[in-house]
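Hydrogens, waters and symmetry mates play no part in the numbers below; they use all other heavy atoms, side chains included. Note on naming: letters A, B, ... go to the chains in the order of the sequence lines (proteins, then strands), and numbering restarts at 1 for each one. Being a predicted model, the structure only gives us computed values, none of them experimental.
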Number of protein chains: 2
Amino acid sequence: MRIGELAKATGTTARALRHYEQAGLIRSERAGNGYRDYDEQTAIRVRNIRHLLDAGLTLEDVSAFAACLDGDLAAATPSDRGRRIALDRLAVLDQRIARQLAARNRLATALGLLPADAAAPPTPRAPKAERVP
Amino acid sequence: MRIGELAKATGTTARALRHYEQAGLIRSERAGNGYRDYDEQTAIRVRNIRHLLDAGLTLEDVSAFAACLDGDLAAATPSDRGRRIALDRLAVLDQRIARQLAARNRLATALGLLPADAAAPPTPRAPKAERVP
DNA sequence: CTTGACCTTGACGTTGGCGGCAGGCTTGGA
DNA sequence: TCCAAGCCTGCCGCCAACGTCAAGGTCAAG
């Protein structure tokens, strides 16, 4: 699979893929002519990366999940050595979401869309964490 | 109130305040010596701006709320002519939050923290919207 | 009257996630 | 045989929201 195909298959661009590669998020073989060559796996991986980026994570954040980017992301890869990092990141994500939700509700309230209460739990079961210096 | 005081009072920096000013989000009088002079109102305004920025809005987004940045933001300023814009932005915010929540849940599931269901309603009562070209 | 804390206006630097272009390979097909 | 497509490696550009000098003016305290 060459870069253009992968790009189409994942709804992104060749440029972005090269970028991910140099960020260490995906890897490629090289064909005799120097062209990048990807396997099927990579498409999934890229899609997962995109999911996370869309969620507002940075590439660095994403790289923390590097180990569990293959596979469904919504189905298993249980007990990884990246779990701790992942949990940290998850906590960060939760914080971020909570803040946005707070702002959203402030806004909605200001617009008279919410009755000045309604604290929707943004994160069902999640541990609390702070810094990871 | 001078810029340094305002900065401290709002937990931000003088630079940022100048930036907000040049973005048209806050205004200042000038003392005889050329120093910026703010009134108490502005502190509230700045805090509201910060709230929105923290929620992931851009300064441009925020400027859409310019009219309702004084006051509590969580208490009234009802029926404004900025409402339509505000509603649009709110929708965008909702989308953003929903995406992040989706990612969060994918993640949590991958980590075995969620039983592969649990779709927490990110936005209680919110209208749906798309583009605003 | 000098020091030091604060203020002023530029203007350039930074971080993230690419976009886009230059200049040069290689290919498949007419 | 030749073209257009697709690929390669740099490398500069861009947007946002400031950070960070630089090169000063101001002012109260000592």
Anything under 3.5 Å between a donor and an acceptor, one on a side chain of residues 17-26 of chain A, the other on a protein residue two or more places apart or in another chain? List them.
{"residue": "A:E21", "atom": "OE1", "partner": "A:S28", "partner atom": "OG", "Å": "3.2"}
{"residue": "A:E21", "atom": "OE1", "partner": "A:R36", "partner atom": "NH1", "Å": "3.4"}
{"residue": "A:E21", "atom": "OE1", "partner": "A:Y38", "partner atom": "OH", "Å": "3.4"}
{"residue": "A:E21", "atom": "OE2", "partner": "A:S28", "partner atom": "OG", "Å": "3.1"}
{"residue": "A:E21", "atom": "OE2", "partner": "A:R36", "partner atom": "NH1", "Å": "3.4"}

Nucleotide by nucleotide, nucleotides 1-17 of chain D touches protein heavy atoms under 4.0 Å in the pattern (B base, S sugar-phosphate only, - none) -----BSSB-B-----B

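- Applying the side-chain hydrogen bond (donor to acceptor under 3.5 Å, both in side chains) test to residues at least two apart or on different chains, none of the pairs has a partner in residues 8-17 of chain A.
- Mapped onto DNA chain C by nearest heavy atom, A:T12 and A:G32 fall at different nucleotides, with A:T12 at the one closer to the 5' end.
- Applying the side chain to side chain contact (heavy atoms under 4.5 Å, CB included) test to B:N33 and every residue at least two apart in sequence or in another chain returns B:A31, B:Y35.
- Not counting sequence neighbours, the partners of A:D39 by the side-chain hydrogen bond (donor to acceptor under 3.5 Å, both in side chains) test are A:T42.
- The side chain of B:T13 contributes no N or O atom lying less than 4.0 Å from OP1 or OP2 of D:dC18.
- Atoms CG (B:L25) and P (D:dC18) sit 10 Å apart, rounded to a whole Å.
- For A:D37, the salt bridge (charged side-chain N to carboxylate O under 4.0 Å, His left out) criterion is met by no residue, not counting sequence neighbours.
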